[in-house]
Amino acid sequence: MENFLEYNAAKIEKNWQDYWDENKSFEPSEDFTKEKRYILSMFPFPSGRLHMGHVRNYTLSDAFARYHRQQGLNVLHPIGFDSFGMPAENAAIKNGADPKKWTYENIDYMKGEFKTLGFSFSKERELATSDELYTKFEQGFIIDMYEKGLLYRKKGLLNWCPHDKTVLANEQVVDGCCWRCDTPIEKKDMNQYYFKITQYGDELLADLEKLKGGWPHQVLTMQDNWIGKSNGLEFDLFFDADSKAKLNAQFESFDVFTTRPDTIYGVSYTALAPEHDIVSYMIEQNLLDAEVVAEIKKMKATSSIDRQKEKSGVSLGINVIHPLTQKMIPVWVANFVLMDYGSGAVMAVPAHDDRDYDFAKKYDLAIHGVIKPKDGELDLENSAFTDKGILFNSGEFDGLDSKKSQYNIIKYFEENKIGRKTTNYKLKDWGVSRQRYWGAPIPFVHCEDCGLVMEKKENLPIALPADVEITGEGNPLENHPTWKYCSCPKCGRDAVRETDTMDTFVESSWYFLRFCASPKNWEKEAFSKEQVAYWMQHGVDHYIGGIEHAILHLLYARFFTKVFRDLGYLDFDEPFDKLLTQGMVLKDGAKMSKSKGNTVDPDALIQKYGADTARLFILFAAPPTQELEWNDSGVEGSYKFIKRFFDRSSNVIACESIPIIKHETLSKEEKFARKKVYEAQVRANEVYNERYTFNTMIAGVMEAMNALNAQSNSDVWSEGYWILSSIMEPVIPHTCWEISSNYFHLKNLDKQVILEEVFIEDSIILGVSVNGKNRGEIEVATDATKESIIALAKEKVAKYLEAKEIVKEIVVPKKLVNIVVKG
RNA sequence: GCCUGCGUGGUGAAAUCGGUAAACACGUUGGAUUCAAAAUCCAAUGACGAAAGUCUUGUCGGUUCGAUUCCGACCGCAGGUACCA
């Protein structure tokens, strides 16, 4: 005969998963008068199977969602798939799979995994970003952004991955290599589409202030650095008459930017990037010696990482005039000057800048010190002096400190109209076009007569053709026999479709808004202002995902939110209120990866122990923001706890409301057990709302369990389980629903009332220390006077007080007594 | 180099406001149960020491009656970023 009380994870879990499906237990209400919580985890790429990082991510969001549902709030906890992208195409190249088929089969499999893990996602709002419906609305937004001038096309030097044969955004270049395949990138001159994210640079930076408190400090700093705002002086350097003649009067001057105007009297040369217009002109016009041209070409051909190895440069044989001293300054080309920052030209102050110093030493250029330390002597023998200090050899600015002189020098330049205060950013416009098949097509048409034309919105989506040949060479859309031929939406004549598709980061920049849309209007609109206003009030309440998205995805999503605001689609500035960045899942000290062979397969784990064990271990082993070291015996321990938790529920007497207990009639152990149970609830409330340290919450439940087990009052057991199985439901939902339906008719999975009476105690234990060193403890009545406490404490530690003079007696209420002695 | 974090038992970790360091687990050891094992239950477990006791939160110093917590310097680790002018 089957034992009713036997813990059978597989059976229990299957039962409740089916129950939740049948009852649509996790669909949000459309009653917008209710208080809401929007809990979102970063959606996965459908790579085929979930890995432990996913399990951690969704276990965390599921815990938040379930807790807030218990509190009676209207919870939106959606999931989708970020399903465009190269791996689908790579699978096609490798195995001849159809990218669409490959993607949607993976999605189906992963949905099955979500079910076996018991995640409480809304099913009705599930989406994949490769769905044509999603593409349709996205293409609409792209057209709006183009019309607003936020999307533009230009030729530019781009990061090109020769392996994947595609353009990469700066954000996708990691250490000079492709973020996906690790191939060193090359620079290529191509026509591309860009989002004008720099137009929002200042706002993206300033609004980081609004995110303080809700976002990890670390992420805010990373975004701040990425935007990289710096203030300084921009001015023109004019060529002298001879140089101008040499340049056929084609150039008068060039721009430079500096954040250290205080060092300007120390300029002894200037340097241009090898790609600078003036350099290109001189090469074209044969104004340079053959060996100089060869040197410059060599620099241009060197990758950005190799350029960092050693500074090199070459003199152009032309000069500019120093704007303040009127002295002649030689112009060089230098490999460390970047064409895409500032104006691609620098003023060089070798005395006060490390790079300029190294370069000057190598090529024997003059080094003029103009700043000296506030105390001590200026020593330029072996290195530059890069700190701020006091100016000298600086004309009328002599004797000023760096800070003051920066202000004065900029003012001087502005008054004399020879320069201006400027701000520079490291942030670049976001290049979004990709020469790839498996992405959302950019909905534009090239017409010989009309130029670049938007597709009409009623023709959207511009869907991908199904019959493509994917070889890995070039862009399959470009090579498709018919797809790209169309008629111009404006004049109707023959035209050609844009064959570039969009960066997949575009899809993830607005998916959280799509989830707000009511499934009833799913076909009609991307989302409505009203729906978004409700669900996004204060933003997504809890956004959970990996720290690896600290810059790219989070910056782009913030950018889109601001753009959508300016397009009138919504009325707020920031999408994510509270961000929780989870740590990586490690095994044997290394990130789990197939190549290292240290992965743990979630499916196998669930089969062996059940989903609840996996979920409990993940939340118990470490706080969410920390790295999680996988430990098989720790998993075993979590399983044992659940089993014990389930087995001991046999001490409970079935009831439909929480038992009423007369606290004062209880024994010491019974009182203690109740106190531990309610403490666990207090801690749980803190954890879900502020601290997110689920490990300590679970420890609290374990302590309460141990305390319950040390007594035998069945009312105390029942009350304890009423509360503990409610606390644990977000963590081990299947087990708790089983217990709850066995004993409580599912009525305890609800907001709990804290009974203060259980915290009232007759006596407390105080530590007693002498000179801060712990020497014992005393038990005193809660209302004991300070004098009586001190007297008792002195008695307790009498032997440490012998022949000593008592200097001070400190009583810290409810904590300890410290007696300070001398001699 | 610069910017963030982080350093606590054999292991994962806890200590929320400066107040008895190591909660809760894992592991280990011993015991009960068992023909035996698994499972379960009980007990011990920071280090040194027979004990009294001494020491212990990366190192050194400071503030304080009292520091894992605050301040300074250094060492180590992780993440981000980088000829950014």
Report task. Taking atom C1' in both B:C65 and B:A82, compute the distance separating them and give it to the nearest angstrom. Result -> 49 Å

Query raised in the report: When all nucleic acid strands are considered with a 4.0 Å heavy-atom cut-off, which category describes A:K773: base, sugar-phosphate, or nothing?
Result: sugar-phosphate

Report summary line: When both distances are under 3.5 Å in a Watson-Crick or G-U wobble arrangement, the nucleotide paired with B:A38 is none

Query raised in the report: Looking at the angle O4'-C1'-N9-C4 for a purine or O4'-C1'-N1-C2 for a pyrimidine, is B:G7 syn or anti, with syn meaning within 90° of 0?
Result: anti

Requested in this report: For nucleotides B:U59 and B:G7, find the distance between their P atoms and express it as a whole number of Å.
Outcome: 13 Å

Query raised in the report: Does OH in A:Y609 sit with more than 12 non-hydrogen atoms of other residues, nucleotides or ligands closer than 6.0 Å?
Result: yes

Query raised in the report: Of A:R644 and A:G344, whose closest RNA chain B nucleotide lies nearer the 5' terminus?
Result: A:R644

Query raised in the report: Considering only the C1' atoms, how many Å lie between B:A21 and B:G66, rounded to the nearest integer?
Result: 14 Å

Query raised in the report: Which base sits across from B:U69 as a Watson-Crick or G-U pair, both distances under 3.5 Å?
Result: none

Query raised in the report: Taking the same atom, P, in B:C60 and in B:A78, what whole-Å distance lies between them?
Result: 23 Å

Query raised in the report: So, A:K362 and A:E310, do they make that salt bridge, N to O below 4.0 Å?
Result: yes

Query raised in the report: In the 5'-to-3' direction, what one-character label does each nucleotide of nucleotides 3-20 of chain B receive under the scheme B = base within less than 4.0 Å of a protein heavy atom, S = sugar-phosphate only, - = no such atom?
Result: SSS------BSSSB--BB

Query raised in the report: For the atom pair OG1 (A:T423) and CD (A:E234), what is the distance rounded to the nearest 0.5 Å?
Result: 10.0 Å

Report task. Have a look at B:C26 and give me syn or anti from its glycosidic angle (syn if within 90° of zero). Result -> anti

Query - Residue matched to B:A14 through Watson-Crick or wobble contacts both under 3.5 angstrom - result: none

Query raised in the report: B:C83 P sits how many Å from A:E275 CD, rounded?
Result: 13 Å

Report task. Quick one: sort the A:W430 and A:Y556 rings into parallel, tilted or perpendicular, breaks at 30° and 60°. Result -> parallel

Query raised in the report: Between B:G19 and B:U69, how far is it from one C1' atom to the other, in whole Å?
Result: 11 Å

Report summary line: Assert: residue with more 5' nearest nucleotide on RNA chain B, out of A:V337 and A:I698, is A:I698

Query raised in the report: Using atom P of each nucleotide, how far apart are B:G46 and B:C41 to the nearest Å?
Result: 22 Å

Query raised in the report: Heavy-atom count around A:F759 CZ within 6.0 Å, excluding the residue itself: above 12?
Result: yes

Report task. Show your working on ring-ring contact (aromatic ring centres under 6.0 Å, His included) between A:F359 and A:Y269 and close with a plain yes or no. Result -> CA-CA 10 Å; A:F359 193 82; A:Y269 64 96; 5.5 Å; yes

Report task. Scan every strand shown for a Watson-Crick or G-U wobble partner of B:U54, both distances under 3.5 Å, and answer none if you come up empty. Result -> B:A47

**Report entry** Rounded distance (Å) that lies between atom P of B:C84 and atom NZ of A:K428
**Finding:** 12 Å

Requested in this report: Assign A:N335 to base, sugar-phosphate, or nothing according to its heavy-atom contacts below 4.0 angstrom with the strands shown.
Outcome: base

**Report entry** Counterpart base for B:C77, defined by Watson-Crick or G-U wobble contacts under 3.5 Å
**Finding:** B:G5

Query - Whole-angstrom distance between B:C26 and B:G76, as gauged at atom P - result: 37 Å

Query raised in the report: Does OP1 or OP2 of B:G53 have a side-chain N or O of A:Y800 closer than 4.0 Å?
Result: yes

